Protein chains: 2
Amino acid sequence: MKVLTGGKLKLVQAALRLITESRSLTSLGLRELAREAGLNPNTFYRHFRNLDEFGLQVLGYIAEDMKSGVRELRRMAESSEQASHDTVTFVYHYFLANPAATTVAVRELHGPSPLLRRALEAQLDASAREMAEDIIDRQLVSAVPPETIHEISRMTIRYILFRAMDYIEKPAQRETIQQETERFINRQFRGAMLDRLSQSEIEGLLS
Amino acid sequence: MKVLTGGKLKLVQAALRLITESRSLTSLGLRELAREAGLNPNTFYRHFRNLDEFGLQVLGYIAEDMKSGVRELRRMAESSEQASHDTVTFVYHYFLANPAATTVAVRELHGPSPLLRRALEAQLDASAREMAEDIIDRQLVSAVPPETIHEISRMTIRYILFRAMDYIEKPAQRETIQQETERFINRQFRGAMLDRLSQSEIEGLLS
DNA sequence: TTGCGAAGTAGACATCTGTATACTTCCATC
DNA sequence: GATGGAAGTATACAGATGTCTACTTCGCAA
């Protein structure tokens with residue numbers, strides 16, 4: 001992915017700014033964009049064929065950040081409990097530092113444009129795969145089969161993503177959200193350890 | 001909530017139709033709406049002050065359905081495993097039968113209008129509370145404290161909601177989605193049963 | 001220095017939007 | 001049957017939007 005420059009960059013950044021203050025990528029107008037970027041409306045056409053192509057470029061721009069963010073997670077934590085705590089802390093801080101990218105991702109993941117939706121899904125799944133493989137490589141939860149780890153990773157990535165909006169917007173709830181997320185992850189993995197047991201076997205164990 | 005009639009109903013239904021075929025509630029125009037409804041643009045003003053008020057009415061219209069849907073769940077299932085299976089089956093069938101309402105809910109839950117977002121959140125939390133209290137009353141998972149049941153219910157409602165889009169749009173994946181959702185719920189509750197145990201205690205139990 | 005392509009600008013176009021005012025039709029109540 | 005309010009329509013207006021064509025400026029390579 002080549003780095004954006006000049007007017008192209010200005011337009012993309014303008015879009016991120018507008019989206020953060022309650023807009024949706026799909027609803028942005030080309031004149032609105034140019035106005036926010038301080039450019040002539042027609043400059044838009046020098047860089048993008050139409051608004052769809054623009055949307056994809058914005059996603060690409062964001063993807064860079066997000067990917068490198070998730071990748072940094074590899075450097076962290078030893079035990080599985082410790083790992084989930086540190087990971088969650090890190091991820092939410094990342095979202096807090098990149099509110100625009102986060103907002104775009106959340107909005108468009110269920111947004112009206114199928115094109116953008118598919119693109120985002122693919123990217124989230126890639127991140128989930130990376131996360132899962134990391135967990136497997138480090139044998140953080142060796143009692144759970146790989147396929148299940150992948151499944152839980154996909155769920156977790158999505159869960160975190162849509163909690164991220166609240167995390168950004170409601171400072172007072174940040175600690176709660178973080179704790180809930182940790183519990184979410186721990187329960188998923190711990191519950192998965194019991195996957196092969198029947199209801200009554202579990203009751204036996206706990207009594 | 002009084003039943004809608006005449007042009008008011010036509011406009012709301014037009015909105016649902018438009019949203020289903022890839023639009024977002026917030027992005028609908030009043031002329032577009034009137035055109036789809038087969039009415040004169042100005043008729044809109046006979047019923048709604050502006051587009052915000054219209055959005056809220058659409059949400060209210062949907063809320064009726066959703067609430068009665070969730071409420072029917074009370075009639076179901078005995079054991080907790082059976083309950084989660086039946087509940088998930090029921091809920092997804094409900095979403096499938098109400099694609100427009102589902103799409104609106106998912107879109108606007110993270111959409112650009114804070115007003116609609118808050119309204120939807122309140123409604124989801126109400127549903128989650130109802131679900132939790134039902135679980136508690138029936139003592140389906142008595143090993144888990146009430147507050148945790150509420151927390152898991154909130155998570156589950158949201159998880160199901162955003163999986164619902166895929167469920168509607170990708171028929172081939174429906175069975176998978178349903179099974180994943182059941183596993184999600186079971187793992188949450190089973191994991192929650194282990195909340196008070198340490199990592200090493202769990203390993204001891206399972207060995 | 002010149003030349004050329006990319007980036008940016010200016011102005012114009014038809015079309016769409018939200019809204020206002022004034023008019024007509026419908027239906028229930030007296 | 002007359003009357004009045006609610007629902008729906010017709011027309012008009014200013015402003016915004018996407019897009020087109022033509023023009024200017026910039027930066028770099030020959």
Side-chain angles (χ1 to χ4, degrees), chain A residues 1-61 104 107-108 111-116, chain B residues 1-61 104 107-108 111-116:
Chain A
M1 180 72 52
K2 56 198 163 193
V3 169
L4 304 182
T5 56
K8 208 162 183 167
L9 180 63
K10 275 188 190 169
L11 285 166
V12 171
Q13 286 175 336
L16 293 183
R17 239 174 294 135
L18 287 171
I19 291 169
T20 316
E21 42 186 65
S22 78
R23 301 294 319 262
S24 130
L25 180 51
T26 339
S27 77
L28 290 177
L30 131 188
R31 286 184 117 106
E32 185 182 13
L33 239 18
R35 206 179 309 126
E36 175 74 22
L39 292 172
N40 187 286
N42 286 305
T43 307
F44 182 89
Y45 288 108
R46 299 287 166 203
H47 303 291
F48 311 99
R49 205 185 325 255
N50 50 46
L51 285 164
D52 273 336
E53 191 190 305
F54 176 73
L56 284 177
Q57 296 252 7
V58 173
L59 246 52
Y61 180 78
V104 176
R107 294 256 156 88
E108 305 307 329
S113 158
L115 190 70
L116 296 185
Chain B
M1 179 73 52
K2 55 198 164 191
V3 169
L4 303 183
T5 56
K8 208 162 181 168
L9 179 64
K10 275 188 191 169
L11 286 166
V12 170
Q13 286 174 336
L16 293 183
R17 239 175 295 136
L18 287 171
I19 290 169
T20 316
E21 41 186 66
S22 77
R23 301 295 318 263
S24 129
L25 180 50
T26 339
S27 78
L28 291 177
L30 131 186
R31 287 185 116 106
E32 186 183 13
L33 239 19
R35 207 179 308 125
E36 174 74 22
L39 292 172
N40 186 285
N42 284 304
T43 306
F44 182 90
Y45 288 109
R46 299 288 167 202
H47 303 291
F48 311 100
R49 206 184 324 257
N50 52 45
L51 284 164
D52 272 336
E53 190 189 305
F54 176 72
L56 285 178
Q57 296 252 7
V58 173
L59 245 53
Y61 181 79
V104 175
R107 293 257 158 86
E108 305 307 330
S113 158
L115 190 70
L116 296 185

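The chains referred to below are lettered A, B, ... by the order of the sequence lines, with proteins before strands, and numbering in each begins at 1. In this text, all values refer to a predicted model and were calculated from it rather than measured experimentally.
- Nucleotide C:dG8 holds its P atom 14 Å from the CG atom of A:Leu33, rounded to whole Å.
- The residue among A:Leu39 and B:Leu51 whose nearest nucleotide of DNA chain C is located toward the 5' end is A:Leu39.
- One finds no side-chain N or O of A:Arg31 lying less than 4.0 angstrom from the OP1 or OP2 phosphate oxygen of C:dC16.
- When rounded to the nearest whole Å, the span between CZ of A:Phe54 and C1' of D:dT17 equals 16 Å.
- When every heavy atom of A:Ser24 is checked against every heavy atom of A:Ile19, the shortest pair comes out as C-CG1, 4.3 Å.
- Between A:Phe54 and A:Leu33 the shortest heavy-atom distance is CE2-CD2, 3.4 Å.
- Salt bridge annotation for B:Arg23-B:Glu32: present, with a cationic side-chain nitrogen under 4.0 angstrom from a carboxylate oxygen.
- Phosphate contact (OP1/OP2 of C:dA6, side-chain N/O of A:His47, threshold under 4.0 Å): absent.
- Minimum interatomic distance between A:Phe44 and A:Leu11 (heavy atoms only, all atoms of both residues): CA-CD1, 4.0 Å.
- Comparing D:dT19, D:dT11, C:dC23 by their nearest atom to the side chain of A:Tyr45 picks out D:dT19.
- One atom, NZ of B:Lys10, and another, P of D:dA7, lie 14 Å apart when rounded to the nearest Å.
- In this structure, CZ of B:Phe48 is placed 14 Å from P of C:dG18, rounded to the nearest angstrom.
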Subject >> Audit row: B:Thr26, B:Glu108, side-chain hydrogen bond (donor to acceptor under 3.5 Å, both in side chains) steps and yes/no >> reply: CA-CA 8 Å; B:Thr26 339; B:Glu108 305 307 330; 2.8 Å; yes
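- Summarising the geometry, the separation between CG on B:Asn50 and P on C:dT17 is reported as 18 Å, rounded to the nearest angstrom.
- Residue B:Asn42 places its side chain closer to D:dA10 than to any other of D:dA10, D:dC23, D:dT19.
- B:Phe44 has its CZ atom 13 Å from the C1' atom of C:dT17, to the nearest Å.
- You won't find any donor-acceptor pair under 3.5 Å spanning the side chain of B:Asn40 and the base of C:dT24, going by distance alone.
- Taking every side-chain heavy atom of B:Glu32 into account, C:dT17 is the closest of D:dG8, D:dT17, C:dT17.
- For the OP1/OP2 pair of D:dA16 and a distance below 4.0 Å, the side-chain nitrogens and oxygens of A:Arg35 include no atom meeting the criterion.
- Atom CG in B:Leu28 sits roughly 11 Å away from atom P in C:dT17 (whole-Å rounding).
- To the nearest angstrom, P of D:dA7 lies 8 Å from NZ of B:Lys8.
- Judged by closest nucleotide on DNA chain D, B:Arg46 is the one of A:Arg46 and B:Arg46 placed further toward the 5' end.
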